[in-house]
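Below: one structure, written as structure tokens.
Here is the naming used below: chain letters follow the sequence lines, and residue numbers restart at 1 for every chain.
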Amino acid sequence: MLAHMIDKYIPMTETAYLILLALFNENHGYGVILEVEKMTQGRIRIGPGTIYGTLSKMEEDGLIVAIRAENRRKIYKQTQMAAELMQVEIKRIGELYQYGLEWRLKNEQL
Amino acid sequence: MNNYKTQFFLWWGWNCEPFENHLESMASKGWILERSMLGHTRLFFKRAEPSKIRYCVDYQNDINLSGEYRHIMEDDQWQLINKLSGWYLWQKSYETQRPSIFTDKQSLIERNNRLLKFAIIIASAQIPLAIIVLSNAMQWAHQIGFLVYCFYGLFFGLMGYSIYSLIKQNRILKG
């Protein structure tokens, strides 16, 4: 199942990545918009249509689960599979960042 | 001075931007959309202070749609002007940054895919009826038969063009 999710989600879009980061703690859809905006210091404000579509797809794929409802709004949290998927993605991003640093160092030496 | 205005604005589901921009332009001139009818083509405006209002059209398959959709939209300060058979017309006032309901390519591709599915189903559902009607139309009076052929020609031409446009848009979005 994880292998299938890796094929489907990796490399992650910036939106999916930030949403899963934001759902480390439970939250509702609009709360995720605000959390991502806060995390990126106002650089990214995800649209509500995008959030709804992405959360629906992630819930269907088992990356997030609705743990309860508050004021008729679903409260989501990421699942264990999402946590494992994020580990894979963070490792991939880390490697790319390292390659970038090495490239920068080589260019500074020229 | 008249405080109300009605307009008829023809737009296409595969290209909502001209319609959205037209409503925004009207709002900036002091004409705020109050309601809409006939597939959001008949528009009723009320005079007000010129404002910055963003309008967005979305298509959702109502059968699968949960209440979460409206909650998330309304929590983000979007107001629903009207909903007609899965077509949602939303508005939101803004000051500096122009808002949008879709902020990444993937969600635009998915919206286009919903529209594509809708267009394919509608077109496919009409095929058996069109075959029956057109095969009988040859026996009808010349003018009526001609009109029926024109109607179906226009219908399938429009459906075909909308399907082609949506596929093309998705190809551009996918890069």
Item to check | Residue Tyr164(B) excluded, over 12 heavy atoms near OH under 6.0 Å | outcome: no
Checklist entry - Just how far is it from atom OH of Tyr30(A) to atom CD of Gln77(B), taken to the nearest 0.5 Å? => result 5.5 Å
Item to check | chain A contacts, top residue of Asp76(B), Asp104(B), Leu108(B), Asp58(B) (heavy-atom pairs, under 4.5 Å) | outcome: Asp76(B)
Checklist entry - Around atom CZ of Phe146(B), are there more than 12 heavy atoms of other residues, nucleotides or ligands at under 6.0 Å? => result no
Next on the checklist: Quick check on Trp78(B) against chain A: is it the side chain, the backbone, both or neither that has a heavy atom closer than 4.5 Å?
Outcome noted: side chain
Next on the checklist: Restricting to non-hydrogen atoms, name the atom on Pro48(A) and the atom on Ser100(B) that form the minimum distance, rounded to 0.1 Å.
Outcome noted: CD-O, 3.9 Å
Checklist entry - Is the number of heavy atoms from other residues, nucleotides or ligands under 6.0 Å of Phe24(A) CZ greater than 12? => result no
Item to check | Flag side-chain contact, heavy atom, 4.5 Å: Glu110(B) against Lys57(A) | outcome: yes
Checklist entry - Would the number of heavy atoms belonging to other residues, nucleotides or ligands and lying under 6.0 Å from NZ of Lys46(B) be above 12? => result no
Checklist entry - In terms of heavy-atom pairs under 4.5 Å, which option from Leu55(A), Ile46(A), Leu34(A), Ile44(A) contacts chain B the most? => result Ile46(A)
Next on the checklist: Heavy-atom count check: over 12 atoms from other residues, nucleotides or ligands less than 6.0 Å from Glu95(A) CD?
Outcome noted: yes
Checklist entry - Between atom CD of Glu74(B) and atom CZ of Arg73(A), what is the distance when rounded to the nearest 0.5 Å? => result 7.5 Å
Item to check | Option among Ile101(B), Thr103(B), Ile72(B) that satisfies the side chain to side chain contact (heavy atoms under 4.5 Å, CB included) test with Thr50(A) | outcome: Thr103(B)
Next on the checklist: If you count heavy atoms of other groups shown closer than 6.0 angstrom to CG of Leu10(B), is the number above 12?
Outcome noted: yes
Item to check | Over 12 non-hydrogen atoms of neighbours within 6.0 angstrom of CG in Asn71(A) | outcome: no
Item to check | Side chain Glu68(B), main chain Lys74(A), donor-acceptor under 3.5 Å | outcome: yes
